[in-house]
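The sequence lines fix the lettering, A, B, ..., with proteins before strands; numbering per chain opens at 1. Only this structure's heavy atoms are used, side chains among them; waters, hydrogens and symmetry mates stay out.
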Amino acid sequence: AQTQVRLDSFFKTM
Amino acid sequence: MFEARLASTLTLKRIVDALREILNQSTLDCSDTGIQMQAMDNSHVSLVSLCLRKEYFEKYKCNRNISLGLDLKSLTKVLKCANGDDAVTIKAADKADKVELSFESAGKERTADYELRLLNLDQEHLAIPETEYNCVVHMPATEFARICRDMATFSESVVIACSKEGIKFSASGEMGAANIKLSETTKGEVSIQVDEPVALSFAGRYLSTFTRATPLAEKVKIGLAPDVPLLVEYPIEDYGYIRYYLAPKVDD
């Protein structure tokens, strides 16, 4: 099975 | 005071069409260099980033940075009132609670003005890091749309594997499996630059959503690197772009 990664871990809030 | 005029409403319609399936509401950040917008979808899996430089517009004036919070459904309704070949002027006063859209027919004999209420959106800005993509592929935008559509028939997940031999899209599900491979063409419709081969898995329904931008550009650029979001970029003439980012799926 696969898990969908979220973008929050790549793009940080400014 | 903000004022921007485009010779044709059609491109604006196309831009909004490319955004509205991912976002319901969004803030346009207008400055003296142009318009920018970026937002994630509700599930924080994809991000869309729009950039339109001021040179894109027939007329562009922005004395002071201004943020316009827009409901894209409402904006679509207003744009439906206009013909594609109407010129459109977008205007907003400083600290305004509304934006004005004026449409002028090609022969200038008909003008129509609409006001849209602005929203006060609490939107976070994300820093998108500069990424060196190991694989960069350019292909006709219609070809990419076709592949995404065909993959969706087979599975929710699409594996994109890129090597010097080409770019391969694969999907397998209960019905069976699909594999589409594109090699570099001598005429340059498909170009493939590879430093290191990459293979990643993505949710096909997001890829299909991105292809809403197909009418905006002849070519689409795809950037892949290990364990980072996929980049799908549609240029808007020479004056801007819509970039979509999609987080990969990983094995448990």
Interface moiety of B/Ser43 toward chain A, non-hydrogen atoms closer than 4.5 Å
backbone
Reported CG-to-CG distance for the pair B/Leu246 and A/Leu7, which is rounded to 0.5 angstrom
7.5 Å
I'd like to know whether CZ of B/Arg212 has more than 12 heavy-atom contacts from other residues, nucleotides or ligands below 6.0 angstrom.
no
Verify, without hydrogens or angle tests, whether A/Gln4 (side chain) and B/Pro248 (backbone) share a donor-acceptor contact under 3.5 angstrom.
yes
Do A/Phe10 and B/Tyr245 have their ring centres less than 6.0 Å from each other?
no
If you count every heavy atom of other residues, nucleotides or ligands that lies below 6.0 Å from B/Asn63 atom CG, does the total exceed 12?
yes
What do you reckon, is NZ of B/Lys54 surrounded by more than 12 foreign heavy atoms closer than 6.0 Å?
no
Verify the neighbour count for atom CZ of B/Arg205: are there more than 12 heavy atoms of other residues, nucleotides or ligands below 6.0 Å?
no
Please round to the nearest 0.5 Å and tell me the distance separating atom CG of A/Asp8 and atom CG of B/Leu126.
7.5 Å
Inspect the surroundings of CG in B/Asp227 and state if more than 12 heavy atoms from other residues, nucleotides or ligands are less than 6.0 Å away.
no
